Amino acid sequence: MAFLEMRHIRKTFGSTVANDDVSLSVERGEIHALLGENGAGKSTLMNILYGMYPADSGEILLNGRQLHLAGTKDAIANGIGMVHQHFMLIPEQTVIENVILGNRGNPFVLNLKEQARRFTELAAKYGMEVDPWCRVDQLSVGQQQRLEILKALYKNAEILILDEPTAVLTPQEVQGLFRMMRQLTDSGCTILFITHKLPEIMDVCTRCTILRQGRTVCSMPILPGADQHELAVRMVGQEVELALHKQAAHPGEEVLRVTGLHCARSDGVEAVRGVDFSVRSGEIVGICGVDGNGQSELIRCITGLLRPSAGEISICGTDCSGAGVKRILRQGVSHIPEDRLKMAVVKEMDLCENMILMHYDQEPVCRHGFLSWRAARLQGEKICRTYQVRMSSLTQAVQELSGGNQQKLVVGRELAQDPKLLIAVHPSRGLDIGATKYIQNSIIAARDRGAAVLMVSTELEEVMELSDRILVMFNGCIMADIRQADATREKLGALMAGIKGGQTCGS
Amino acid sequence: MKRICAKASGFFTAAVSILLACVITGILMYGMGYNPLDAYYQLFFGAVVGLSALSESVVKMVPLVFTGLSFAIAKRSGLVNLGATGQLYIGALCTTVVGVYVTGLPAALHIPLALAAGCAGGAAYGAVVGFLKNRFQANELITTIMLNEIATELVNCLVDGPMKDLDALTKFPQSKAILDSAVLPKILTGTRLHAGFLLALLAVALYGVFMKRTKWGYELRVVGMNPSAARTAGMSVQRTQLLAMLLAGGFAGLAGSIEMLAIQKRLMQSFAGNLGFDGIAVALLGGNQPLGILLSAFLFGMMSNGSNKMQMLSNVPSAVIYLMQGLIILFVVGRYLYSKKLWEGLIPQRKSRREEVRP
Ligand SMILES: Nc1ncnc2c1ncn2[C@@H]1O[C@H](COP(=O)(O)OP(=O)(O)OP(=O)(O)O)[C@@H](O)[C@H]1O
Ligand SMILES: [Mg+2]
């Protein structure tokens, strides 16, 4: 008898069958991967295990004992903890306030100091440092991810569900996370791990279960040297096309020119310090670097969300430094923002309403101030078809889509605009293997149609494969401008760490 | 299908809230020694049966539609407008000035002018809130409440001072009467039903079209639901919220304006009673949706009309109605506690009951 078993789970949302007779069995102390395409039903299954949704039918057994989960409280009481695909933190509160949220202790007295002490102890045990008194909105994404895990552990989780924790992490942070996961399993924890990155599964998992369109395909051990390709084929159900169709670039005239750009973060620290570069039409320029080295601020300056303190930005020959967002978008700029739920969609609105978000005031959607929902629907249908957004209807709210399908919607929407300049920040975040390749090929196709593409990614692989030129950012400066052919992992790695020609650059 | 389901669930919560409030109020009435069934019978009869009763309910409903819209449009943009009262008084004041002191106009010009003045006055007063918020990050909860005080006291001063009608027999603090050329015409003889009702219907329709079909309405909704996405899409959160407050003030101003031109005809102290705050209840119960606002405004109008008859005929104090209105809002606001389970229970779902095995 397995430690944890989910048997014949079925879950429907209206007419969508998210889980259809899914079974899963997990042994104590293993890191069990859950694999599947976007919308396969992984998050839904885990949400059922965490008591967020009741299953329509099926049963959950823990240690041979049937679990009846009426809510997350029951799951927590049974030692189940979950880190969701999207952060569930309250940004305005401190770390410790977030951690104790929902904990049942003494109902009358709140001893934050004592709790903070215990929290710090716990964090130290797993080699993580998070200041309990820091406000959550001041933490980096990686720190927030760690906080989410600690939050679950603080509630004494023995079974830890991690839903795509690595999607937003840098490679270094991923390694840290894996170390911690191994440490956890050594001390008796069981981990359910969702990811779309197969190498990670090879790295850290002992077994995996594959879901396809809401059904279990198979469950198999991960042996060293196992075939990643086979996993991919089982996930998709047919041969997968994983090649990039990329010819040499033929750069045309300059579309984006950034000169001497400086800009300060909200706390006054200079985040971008004198950046110069240009992007020409028909080329893809990739920016890589460890998160938090000014990439985010640089992009926000170019898209008009942040006012640079010095320097010039010109798009298609017109000076756009300090221009408003709308004026910049009107120049034929498309923007795939870094955080889809926060910046790119209105999750309560339906798909159709979200499809027009970035160009709601342009023809054919908008005429004389009036919106044509018919035109919007036509566009929406086309985008959903082209980019294979899995949905039940265009009147569905975006928050009901799976994470990867939300991303497809955002990327599809921007690519469909046929932009002159495409600014893509983490374009394949949360996408499955097939969708990632599809989106990457679409970006290349946009380049071949003459678009200038500026891409930011923390994934070295993606930057190296996709870019014609690579800019490495460190500490607000551009360390190097390398042609794709000259880029190696080692070279980029060293530059990202601030080492140039054997010397460490000043901070 | 989904849409319809969502709409139906909104009506369902409203209905459940009303029902629960009725039951609890009934129990309270019983406890106080009244006969709740008789009271409800009188309330209902007094409010809707017969042309005069029904028309009177509609008359009471008209200003509530406008104050309801005022709260709703601000809410959709992410602001809480507690200032309908102040905007209403300023609207009534501007209307009175035009209605009393502008002479020699034909009705066809005088009425629109008086209405426009009220609307503009309310809108300007609403815009003050938006300006303070944009310029000084002043919380609108506080500024609207403060501006309410200022507006009501301003009217108090004026009708007891410069605008006071000295020719009247009573030395009551009130303005001169609106000129006949500015009075809103009745649309049903023998009742008080006036053209303001048609304006209310028009306003609700415009609100619906504006929110759903225009780019400004779309901006307003996006700003209300996700300001940072709005910024990424190039919308100005500040300008949009200012526009929302302008419109909110305009609606509330029209409430005061129509009340003045059709019913009160003289500006006097605290003439509007609770109209401003009842608008909040109307918008909440109506889920900020056009049809919802129309229906819940009618409900509130009906209750306030019927309560008088109830007090007369079954001796139940009409204050009980306020209690009931309060309960309705409480249940609407607290709907998350019960509505989902109840609603899901109503829609048949194929669910195999899981037996629970206790260890
Ligand atoms: N609350 C909901 N309402 C309606 N449909 C839903 C809801 N949640 C999920 N779904 C649907 O169920 C299916 C499975 O979604 P789920 O989030 O489990 O996918 P996933 O495997 O986690 O995908 P991803 O890798 O993209 O995160 C999707 O088609 C999704 O649209
Ligand atoms: Mg998911």
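Predicted, not measured: the structure shown is a model, and the values here were computed from it.
Between chain B and the options A/D339, A/T303, A/V346, heavy-atom pairs under 4.5 Å are most frequent for A/V346. Here A/I356 is the residue among A/I328, A/I356, A/L329 with the most heavy-atom pairs under 4.5 Å with chain B. Across A/M349, A/H335, A/E348, the residue that shares the most heavy-atom pairs under 4.5 angstrom with chain B is A/M349. Annotation: maximal heavy-atom pairing with chain B below 4.5 Å, among A/L341, A/L305, A/L357, occurs at A/L357.
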Review point. Could you walk me through whether B/K75 and B/N81 pass the side-chain contact (heavy atoms from CB on, under 4.5 Å) check?
Key: CA-CA 7 Å; B/K75 190 80 217 340; B/N81 176 24; over 6 Å; no
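Two residues are said to be in side-chain contact when any heavy atoms from C-beta on lie closer than 4.5 Å; A/L69 and A/Y50 fail this criterion. A 4.5 Å side-chain heavy-atom check between B/R221 and B/W216 finds every atom pair outside the cut-off.
Checking each of A/R330, A/E414, A/Q417 against A/H359 for a side-chain hydrogen bond (donor to acceptor under 3.5 Å, both in side chains) leaves exactly one that passes, namely A/Q417.
In this structure, no portion of A/V365 lies under 4.5 Å from any heavy atom of chain B.
Closest non-hydrogen pair, B/L79 versus B/E140, comes out as CA-OE2, 3.5 Å.
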